[in-house]
Number of protein chains: 2
Amino acid sequence: MDDAFKALDSDKQRRILDSAYKEFSNKGYKQASTNRIAKEAGIGKGTLFYYFTNKEGLFHDLVEEAFCIADEFFLKKVDFSETDFFIRLRQTSELKWAVYQEHPHALSFMARVFIHSDEHNLPDKLLLKRTKAEHVWGSLLTKNIDFSKFRDDIPQETSFNFIRWTIEGYRTELEQRVKMEGIEVFTNQAFEPYYKEFYSYLDTLKKIYYKPEYTNG
Amino acid sequence: MDDAFKALDSDKQRRILDSAYKEFSNKGYKQASTNRIAKEAGIGKGTLFYYFTNKEGLFHDLVEEAFCIADEFFLKKVDFSETDFFIRLRQTSELKWAVYQEHPHALSFMARVFIHSDEHNLPDKLLLKRTKAEHVWGSLLTKNIDFSKFRDDIPQETSFNFIRWTIEGYRTELEQRVKMEGIEVFTNQAFEPYYKEFYSYLDTLKKIYYKPEYTNG
DNA sequence: TTAGTTTTGACCAGTGCGGTCAACGGATGT
DNA sequence: ACATCCGTTGACCGCACTGGTCAAAACTAA
């Protein structure tokens, strides 16, 4: 990331970074094309290499920024003093949604870096970051959670996994639905019906996996 | 698929077809490489094009065979007279597993053809097949099922979706776990512990989503 | 006008693709 | 021994696209 780049209008910066996030998270490191990134960002190919040293450098800078975004706008805002699982789940979902609205591809970019880390040899420094982040993200829904509210006749770990998988399946299906409807930009308003559905699902899950005495609380 | 191909030892046929299934389902149509298919199958590149007219023809033949396999070894064997949801789920899972053992990549190839059908323009004839198949596969867990056994305080459709998503999430996680352990070939024996876990999960799901009076039956 | 900076796309070498084909080797019949 | 045939091969072709370069053009400011 050249100094020249930082001196740009922040609009142009975002256009370029978002284009790159999108390309990398859709295609992976190797299949991502700097040509497409430049075209999508609406700049010449030469300009891209004027701002960034090369493809690898661009990727590196993206990782840096993505970690910053995740830290600043997500991780730091999670309220770990809340011990109720479903409130925590709801809060983290809302935070993720907020991040998504401002940086639509940064989080999925991070996820891709984590999952397919083998396809791009991360330098050791980033590997450390990755391991650390994996731990933090893994504890989002477990740290300081009061699992005693979960019903006794199912192992807590099983309940936890079932909920995780249900939510993830719902998220995937919702992604499909949204892609079908061809909605591109999400205002808070356009997303309201989806949120209603999501909250209703959360209530159902609570009814299923919490002890009866916690269900109507 | 040339006549010459059909005249080969069935071992060689399988080696080639399986290699192609694997490549297409891992990489998709466009990214799949005939070079790699030939190399993995242990034959020269020229030989591949001696048996099949071209890449598209090979793909077409694979689709044909995959549909046949799915019909013959899976769909025809499903017992639709069984009305219990979890017995049906268990039966279809076991059938899929049996198919997987003989044709490890045929089913995932089919899934990929369905999901990413846009990335390869299917001819109309196949599109029809696809639509038909989509309907049949979609009804695997619904046709002639006695949904009255599901608990009343949760909409049946919600219960159904939650179970689907849970199973799918478990399947994905299991795939990851297996990939990590580096297991390549699965004997029935090597898979036994996984099956035990799976069945225990099914029981748990039954306890959750069935009315209490059906839980211990 | 001039000097300096930003931006561009034609261009380069390299890679991998789908597909071809002259040549090779082994079996068979004479 | 020779000729014929057929399954098989990998070097080879044209092509598409890649990451990266650079002289020239466009723009800005003095």
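Predicted model only: the values in this text are computed from it and were never measured. Order of the sequence lines fixes the chain letters, A, B, ..., with proteins taken first and strands second; residue numbering starts at 1 for each chain.
- Counting any heavy atom pair closer than 4.0 Å across all strands shown, B:K12 reaches sugar-phosphate atoms only and no base atom.
- Residues A:R164 and B:E173 are paired through a salt bridge, judged by an N-O separation under 4.0 Å between the basic side chain and the carboxylate.
- For residues 65-84 of chain B, the set of pairs meeting the salt bridge (Lys or Arg N to Asp or Glu O under 4.0 Å) definition, not counting sequence neighbours, comprises B:R14-B:E65, B:D84-B:K149.
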List, with names and distances, any nitrogen or oxygen atoms from the protein found under 3.5 Å away from nitrogen or oxygen atoms belonging to nucleotides 17-21 of chain D.
{"residue": "D:dT18", "atom": "OP1", "partner": "A:S33", "partner atom": "OG", "Å": "3.2"}
{"residue": "D:dT18", "atom": "OP1", "partner": "A:R36", "partner atom": "NH1", "Å": "3.3"}
{"residue": "D:dT18", "atom": "OP2", "partner": "A:N35", "partner atom": "ND2", "Å": "3.2"}
{"residue": "D:dG19", "atom": "OP1", "partner": "A:A32", "partner atom": "O", "Å": "2.7"}
{"residue": "D:dG19", "atom": "OP1", "partner": "A:K55", "partner atom": "NZ", "Å": "2.8"}
{"residue": "D:dG19", "atom": "OP2", "partner": "A:T34", "partner atom": "N", "Å": "2.9"}
{"residue": "D:dG19", "atom": "OP2", "partner": "A:T34", "partner atom": "OG1", "Å": "2.8"}
{"residue": "D:dG19", "atom": "N7", "partner": "A:K45", "partner atom": "NZ", "Å": "3.1"}
{"residue": "D:dG20", "atom": "OP2", "partner": "A:K55", "partner atom": "N", "Å": "2.7"}
{"residue": "D:dG20", "atom": "N7", "partner": "A:K45", "partner atom": "NZ", "Å": "3.0"}
{"residue": "D:dG20", "atom": "O6", "partner": "A:K45", "partner atom": "NZ", "Å": "2.9"}

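- Applying the 4.0 Å criterion to OP1 and OP2 of C:dT6, one finds that A:Y50 has a side-chain N or O inside that range.
- A:D9 places its CG atom 12 Å from the C1' atom of C:dT6, with the value rounded to the nearest Å.
- The ring of B:F162 has its center no closer than 6.0 angstrom to the ring center of A:Y170.
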query = What dot-bracket string describes DNA chain C from 5' to 3', counting Watson-Crick and G-U wobble pairs whose defining distances are under 3.5 Å, with [ ] for crossing pairs and | for pairs to another strand?
reply = ||.||||||||||||||||||||||||.||
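- Separation of the B:W97 and B:Y194 ring centroids does not fall under the 6.0 Å cut-off.
- Not a single side-chain contact (heavy atoms from CB on, under 4.5 Å) links A:K39 to another residue, sequence neighbours left out.
- Here B:K6 pairs with B:M1, B:D3 under the side-chain contact (heavy atoms from CB on, under 4.5 Å) rule; sequence neighbours left out.
- Counting to the nearest Å, the P atom of D:dC22 and the CG atom of A:L48 are 17 Å from each other.
- The distance between atom CD1 of A:I43 and atom P of D:dA26, rounded to the nearest whole Å, is 19 Å.
- For the side-chain contact (heavy atoms from CB on, under 4.5 Å) test, no residue two or more places apart in sequence or in another chain qualifies with B:T53.
- A straight line from CZ of B:F52 to P of C:dT20 spans 15 Å, rounded to a whole angstrom.
- Cation-pi geometry between B:K55 and B:Y29 is met: the NZ or CZ atom falls under 6.0 Å from the ring centre, inside 45° of the normal.
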